[in-house]
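Remarks on the structure that follows.
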Amino acid sequence: MDGRRWNELRRFQCRINTHPNSADGSSFVEQGNSKVVCIVEGPMEPPSRSQLSATEATLNISLNVTPFSSIDRKRRNKNERRIQEIITSLKRTFEQSIITDKYPRTTISITCHVLTLDGGLISAVTNSITLALIDAGIAMYDYISSVSAGFYDNTPLLDLNQLEENDLSYLTIGIVGKSEKLALLILENKIPLDKLEGVLAIAVAGGHRIRDMMDKEVRRHGELRLSKLANK
Amino acid sequence: MAKVLGYEYGKKEVMRTKYGVVSGLWVCAESQYKKIREKFPSSFDQSGHNEEVLKGTRRMLLSATERSYLYESLHSKHIIRPDGRNIKQFRPIQSHTGFLELSNGSSKITLSDGSECIVSIKAKVVDKAQEQDLVSVDLEIAGHREDSPYTLSLTSTLQSLYAKHIPRESLNLTSKFAYKLYIDILVIATYSHPLTMMSLATYLALQSTFLPKLTSSVDDKEIEEQPTFHDYEFVKLQVTVPVIFTVAVIGENCIIDPSAEEMEVSDNGLIVSWFDGKPISPMGTVRLSETNIKSLNPALIVKSVDLVSSIANSPWNVQIILS
């Protein structure tokens, strides 16, 4: 659609520690024209006892798709079913990848603001949460990098934009680090079973590329911090 | 059984000072809570509202000695503000504009304490006969519900301000159609009173708003015609935009743009709207702190308007803030 090859990612840019004064961890991810800001606070004492678990950390994720994010301005209800479903699956994913038993009796609250949306909502949000958690210094087993892939006319396509997403069937995966393990797999419509493998294969390859780019940003930021420390 | 009065969760005694109950320490025994409540009813009225305000502001807490020190230094004839500003000085502001491709105008403002706000302007072509207001303000503050009284009151303040003072003519397209502006404000973090930040961000966004250029004729009284637009050329929106200033009153002193700590010790707060070289409505008091709210000497209102006018009417200052 936008002149990319079938296995090409959109422009991926990320920044971590974008809100050093207001949050424990923060990140900004641009995937194509989608822009997501993620803010992590915690691990902190929970606001109410009922949310407390004696053995592990509890995750609180809120996803705010702003009314101005799409081309036509549209007010979204926070309790919209699709948003709630995404939150639930994100929660399950990150409960598995954060070493939650390191932080008993605490909550980690994650807030994502989607500023502009051009396809790949779940993948952009997942990547931004991973980066913000790393920035907050929360122990994780590995990166969760996420990308979407669709299927059109016998060819798998990587990283769809909004127009492609509207017309094609696609899936979003979250990959654990450099392995081929999936932490997240969301398929909202149908893909023929015999073609699924090819779609997954390019998605995994794309996910590894994104992991490398996120890693590069984290290391760049780490070096920056280190040089500041060294200069003191 | 301990009762949590507010947001902060720590096991300390509630302290009483000459300024009222210290708000940093919010956990006490149930019986004690009742006693304090009877003794200082003013600190606890509208307690639901208080908790709402506290939710977004977690670092405002001062100890009794810090509070009294700060109060004395802001109360004295020669004001010493904790960050060394003079009474007319704003905190450093960082801003970006035009970073949202899908909006007609956008801006982001970050204050030095980490408060941050993003504004998007979207325009839609509407039939003038059917729309009363050509400006619609929508506000979202992270950590607050959309229907919370805090958010709603801020929304209505801004809505009335912009709907009244952004001239309809500047949004005119043809004799039938006009642009309607949707101003969406997203506050990502706020530690001090967010009105100034929001109004400055909106000012910036409106000043950097580009609307599609009209290619069909302006006069469509005779012929039924839908307006058509140029494919890629845009026209910059030309509007004059009102700005809101927050002033904290401490004793006989007025200071502009109070930080969270200054808000905590202030006697009262004022918002002053400024448009076209003169103060306009809405102008009034705001709750800046939870505890010691004192009544306001009317002379101080005049004083704070003078303070705002000395800032707003000096082109140098406005340029510094808004460039």
Side-chain angles (χ1 to χ4, degrees), chain A residues 11 13 17-24 26-28 30 32-42 44-52 60 62-79 105-107 109-119 132 161-162, chain B residues 1-2 4 6-11 26-27 51 54-59 91 94 96 99-106 108 110-124 136-143 145-147 180-191 205 260:
Chain A
R11 186 176 58 98
Q13 276 194 332
N17 208 26
T18 47
H19 304 71
N21 295 329
S22 56
D24 295 318
S26 51
S27 68
F28 176 66
E30 275 183 74
N33 278 335
S34 299
K35 291 189 174 72
V36 179
V37 175
C38 180
I39 285 176
V40 169
E41 286 189 59
M44 58 185 178
E45 206 153 351
S48 75
R49 285 263 156 143
S50 58
Q51 290 172 9
L52 194 135
N60 260 327
S62 68
L63 176 58
N64 172 21
V65 182
T66 51
F68 52 85
S69 61
S70 46
I71 292 174
D72 296 315
R73 190 180 173 281
K74 186 164 57 182
R75 260 228 98 130
R76 271 167 227 257
N77 195 342
K78 273 241 172 80
N79 305 319
R105 312 172 75 78
T106 57
T107 51
S109 103
I110 301 168
T111 317
C112 288
H113 301 284
V114 181
L115 299 182
T116 55
L117 181 56
D118 182 27
N161 65 25
Q162 187 72 60
Chain B
M1 181 62 198
V4 185
Y7 179 67
E8 195 61 25
Y9 200 89
K11 262 216 165 86
W26 286 93
V27 177
E51 279 165 30
L54 278 170
K55 252 188 195 171
T57 52
R58 60 181 171 146
R59 294 184 304 182
R91 285 167 288 176
Q94 219 178 24
H96 295 274
F99 56 94
L100 297 178
E101 291 87 359
L102 297 179
S103 303
N104 293 90
S106 55
K108 188 188 96 167
T110 316
L111 299 187
S112 59
D113 64 352
S115 302
E116 184 170 336
C117 140
I118 291 175
V119 173
S120 138
I121 313 280
K122 271 191 184 252
K124 196 178 146 194
S136 153
V137 180
D138 203 356
L139 177 63
E140 187 157 340
I141 303 179
R145 284 174 59 95
E146 271 161 46
D147 50 2
K180 177 166 183 167
L181 294 182
Y182 290 93
I183 304 177
D184 286 288
I185 306 175
L186 168 66
V187 178
I188 290 180
T190 170
Y191 301 106

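As the structure is a prediction and not an experimental result, all values here were calculated from the model. Lettering of chains follows the sequences in order, A, B, ..., and the numbering in each one begins at 1. Both backbone and side-chain heavy atoms feed into the values below; hydrogens, waters and symmetry mates do not.
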I'd like to know if the side chain of B:Ser106 reaches the main chain of B:Phe99, judged simply by a donor and an acceptor atom lying under 3.5 Å from each other, with no hydrogens or angles considered. yes
Counting only non-hydrogen atoms closer than 4.5 Å, does B:Ser112 touch chain A with its backbone (N, CA, C, O), its side chain (CB onward), both, or neither? backbone
What pairs with A:Lys74 under side chain to side chain contact (heavy atoms under 4.5 Å, CB included), at least two apart in sequence or on another chain? A:Ser70, A:Arg76
Interface moiety of A:Ile39 toward chain B, non-hydrogen atoms closer than 4.5 Å: side chain
Heavy-atom distances under 4.5 Å only: say whether B:Ile118 touches chain A with side chain, backbone, both or neither. side chain
In Å, rounded to the nearest 0.5 Å, how long is the span from CD1 of A:Ile71 to CD of A:Gln162? 7.5 Å
State which residues pass salt bridge (Lys or Arg N to Asp or Glu O under 4.0 Å) with B:Lys108; sequence neighbours excluded, sorted by chain then number. B:Glu116
The interface call for A:Ser69 against chain B, heavy-atom contacts under 4.5 Å, is backbone
A:Thr66 portion near chain B, given a 4.5 angstrom heavy-atom threshold: side chain
Can any side-chain N or O of B:Tyr182 pair as donor or acceptor with the backbone N or O of B:Asp138 at less than 3.5 Å? no
